[in-house]
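Notes follow once the structure below has been shown.
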Amino acid sequence: MNTGLRALSTMTFRTTFARRSCLPVRLAQRQVATQPLFETQKVKYWKQLKEEQGGDYKNRTVSTSQLLTALRDLQSYRSLTPNKSTFPDYRAGLRAVFLLAGSDPAARPTLTVGDLENVLSTENGVSWRVIHDILKYGLVPQLEELTEEMRATVAFNRVHAIGNIYAKTFAKNGARTFEDLINSTGDEYGKKVSKAQKLALKYHHEMEIMIPRQEVDKFDMLIKDALNKADPTIKYEIMGSYRRGEETSSDIDMVVWHDSLKRRDPDAKVRKGNPAPDSIMGRVLNAMFSAGLFSSDKMFATGEKKVWGLSRLPGDPKALHRQVDVRLCPTESLPYMLLGNTGDNDLMRFLRYKAEEKDLLLNEYGMGQRVSISNQVHFKPGTEIIVQTEKEIFDKLELPYLEPHQRSYKVWKNILPRY
DNA sequence: CTGACGGGCGCATAGAC
DNA sequence: GTCTATGCGCC
DNA sequence: GTCAG
């Protein structure tokens with residue numbers, strides 16, 4: 001029994017939402033032409049841009065960094081207000097810019113409207129509004145109008161480990177710059193600035209730059225070497241967009257496992273502080289330290305099951321700090337962990353929906369019959385489906401197997417059965 | 001119209017006792 | 001000092 | 001912003 005699921009939060013699971021947010025609905029929205037009136041609203045700014053910039057509009061250029069900053073600020077601003085609905089559109093806008101500019105936007109300082117049209121849906125109203133505004137006014141009025149306090153809040157909220165609440169508190173109590181927070185010693189800005197927050201503030205700029213695939217390849221080789229030297233029986237895999245074969249990644253998402261850990265131990269005590277040196281994670285961590293891949297002063301979190309920190313390629317003074325996320329997985333859950341953390345998000349949503357159709361619950365720990373206990377969905381005891389490979393999970397769901405590199409939406413939408 | 005928006009986990013830190 | 005709650009980020 | 005109720 002996957003006992004980790006015992007301690008579920010008290011939040012209720014509303015079936016109404018589960019039903020309407022399931023993927024087939026979203027796919028239908030993507031594939032079926034939207035109603036004309038609705039479309040007019042969405043493409044309003046793209047159309048305005050076309051009219052205002054004239055026949056040569058495709059050759060107009062915007063500054064890559066200005067566009068990125070504006071999209072990120074607006075994304076951050078949106079997350080501070082109750083209405084979070086446009087998140088996917090900002091993410092799509094950012095993805096489009098990175099697709100054009102590569103991992104480091106500084107390498108390609110301007111983008112043409114024509115290029116953007118190729119990678120950014122004209123229905124992405126929020127992103128085209130930003131492009132329109134930059135071309136017309138040279139700035140984004142929506143951001144210029146913000147109060148000084150709100151601008152600081154938006155900037156702070158972009159930083160890793162500074163969420164909604166901390167960002168608002170810091171700005172409300174007078175903090176205006178990253179330096180203010182880095183140099184703060186007590187709670188003069190309302191709350192104490194944590195170690196992780198100071199670290200993220202210091203390396204914020206580097207952390208926002210995407211990682212090119214070749215660099216992850218190098219990390220992969222160095223990690224393999226380091227772990228092999230320390231203990232060849234420890235296995236690992238890099239998941240996420242890298243495993244899907246994409247050209248850039250936002251972080252390095254690693255899973256480690258060892259034959260001695262077969263399943264989650266419900267009675268395992270939660271250790272405070274660093275993992276025991278002889279534990280699996282302890283050995284991994286020490287191997288990473290020894291190889292110069294991690295540094296003890298650049299860690300966000302170091303636990304028995306999860307380690308988060310900044311890492312840079314050793315020996316290269318110009319190498320940027322990259323976020324590396326290591327998590328320990330019992331071998332019994334490994335195929336589910338690999339599947340769940342390789343994604344992409346839409347595929348996982350789709351697979352969970354397919355599982356639900358068969359009255360199964362699928363998550364990163366396993367798959368089993370659904371049983372609802374006071375509005376919470378659990379595995380029915382004894383029904384977990386043990387698999388050795390990811391392919392067996394697709395088999396159980398009666399879907400064709402997707403290799404990791406086929407799991408990006410633009411690929412799998414053409415392979416999996418339509419709805 | 002209202003009221004919802006992924007769920008559940010691991011970690012660090014704040015707060016309670 | 002120990003235990004619990006909260007904030008955060010992750011997929 | 002969008003959707004179910």
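Side-chain atoms are counted along with the backbone in the values below, which use heavy atoms only and exclude waters and symmetry mates. Throughout, a chain's letter reflects where its sequence line sits, starting with A, and its residues are numbered from 1.
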> Of the nucleotides C:dC11, B:dA12, C:dG9, which one has an atom closest to the side chain of A:H160?
Replying inline: C:dG9
> Taking the side chain of A:I165 as heavy atoms from C-beta outward, which of B:dG10, C:dC8, C:dC10 is closest to it?
Replying inline: C:dC8
> Quick one: A:K44 NZ to D:dG1 C1', roughly how many Å, whole number?
Replying inline: 14 Å
> What nucleic acid atoms does A:V193 come within less than 4.0 Å of, heavy atoms only: base, sugar-phosphate, or nothing?
Replying inline: nothing
> Rounding to the closest angstrom, what is the interatomic distance between D:dG1 and B:dG7 at atom P?
Replying inline: 23 Å
>> Please confirm whether the shortest side-chain N or O distance from A:Q197 to OP1 or OP2 of B:dT13 is below 4.0 Å.
In response: no
>> Applying a 4.0 Å non-hydrogen cut-off, can you work out what A:K191 is touching in the nucleic acid: base, sugar-phosphate, or nothing?
In response: nothing
>> Rounded to whole Å, please give me the gap between CG in A:N345 and P in C:dC10.
In response: 12 Å
> Where the side chain of A:Y365 is defined as all heavy atoms beyond and including C-beta, which of C:dC10, C:dG7, B:dC9 is the nearest nucleotide?
Replying inline: B:dC9
> Roughly how many Å is it from CZ in A:R91 to P in C:dC10, rounded to a whole number?
Replying inline: 11 Å
> Looking at C:dC10, C:dC8, B:dC11, which one has an atom nearest to any side-chain atom of A:N164?
Replying inline: C:dC8
> Parallel, tilted or perpendicular: which fits the ring planes of A:F394 and A:Y401, with parallel below 30° and perpendicular above 60°?
Replying inline: perpendicular
> Any side-chain N or O of A:K306 under 4.0 Å from OP1/OP2 of B:dC11?
Replying inline: no
> Among the nucleotides B:dA14, B:dC11, C:dC10, which one has an atom lying closest to any side-chain atom of A:Y166?
Replying inline: B:dA14
> salt bridge (Lys or Arg N to Asp or Glu O under 4.0 Å) between A:E398 and A:K358: does it pass, once the steps are laid out?
Replying inline: CA-CA 10 Å; A:E398 297 178 276; A:K358 297 180 186 303; 2.4 Å; yes
>> The side chain of A:A301 is closest to which nucleotide in this list: B:dC11, C:dG9, B:dT13?
In response: B:dC11
> Hey, is A:R283 close enough to A:D231 for a salt bridge, meaning N to O under 4.0 Å?
Replying inline: yes
> What's the CE-P distance between A:M281 and B:dC11, to the nearest Å?
Replying inline: 8 Å
> In whole angstroms, how far is the P atom of C:dC10 from the CD1 atom of A:I252?
Replying inline: 14 Å
>> Rounding to an integer number of angstrom, what distance separates B:dG6 and C:dC8 when you compare their C1' atoms?
In response: 16 Å
>> Any side-chain N or O of A:R264 below 4.0 angstrom from OP1/OP2 of B:dG8?
In response: no
>> Within a 6.0 Å radius of atom NZ on A:K262, are there more than 12 heavy atoms belonging to other residues, nucleotides or ligands?
In response: yes
> More than 12 foreign heavy atoms under 6.0 Å from NZ of A:K198: is that the case here?
Replying inline: yes
>> In whole Å, I'd like the distance from the CZ atom of A:R352 to the P atom of B:dG7.
In response: 10 Å
>> Any base atoms under 4.0 Å from A:A196, or only sugar-phosphate, or nothing? Heavy atoms, all strands.
In response: nothing
> Which part of the nucleic acid does A:D253 contact within heavy-atom distance under 4.0 Å: base, sugar-phosphate only, or nothing?
Replying inline: sugar-phosphate
>> Output the rounded distance in Å from CZ (A:R327) to P (B:dG8).
In response: 17 Å
> B:dA12 phosphate, OP1 or OP2: any side-chain N/O from A:T302 under 4.0 angstrom?
Replying inline: yes
>> Can you tell whether the side chains of A:E149 and A:K168 come within less than 4.0 Å, N to carboxylate O?
In response: no
> Whole Å only: how far is the CG atom of A:N274 from the P atom of B:dA12?
Replying inline: 8 Å
>> Nearest to the side chain of A:K192, heavy atoms from C-beta on, is which of B:dT13, B:dA14, C:dC11?
In response: B:dA14
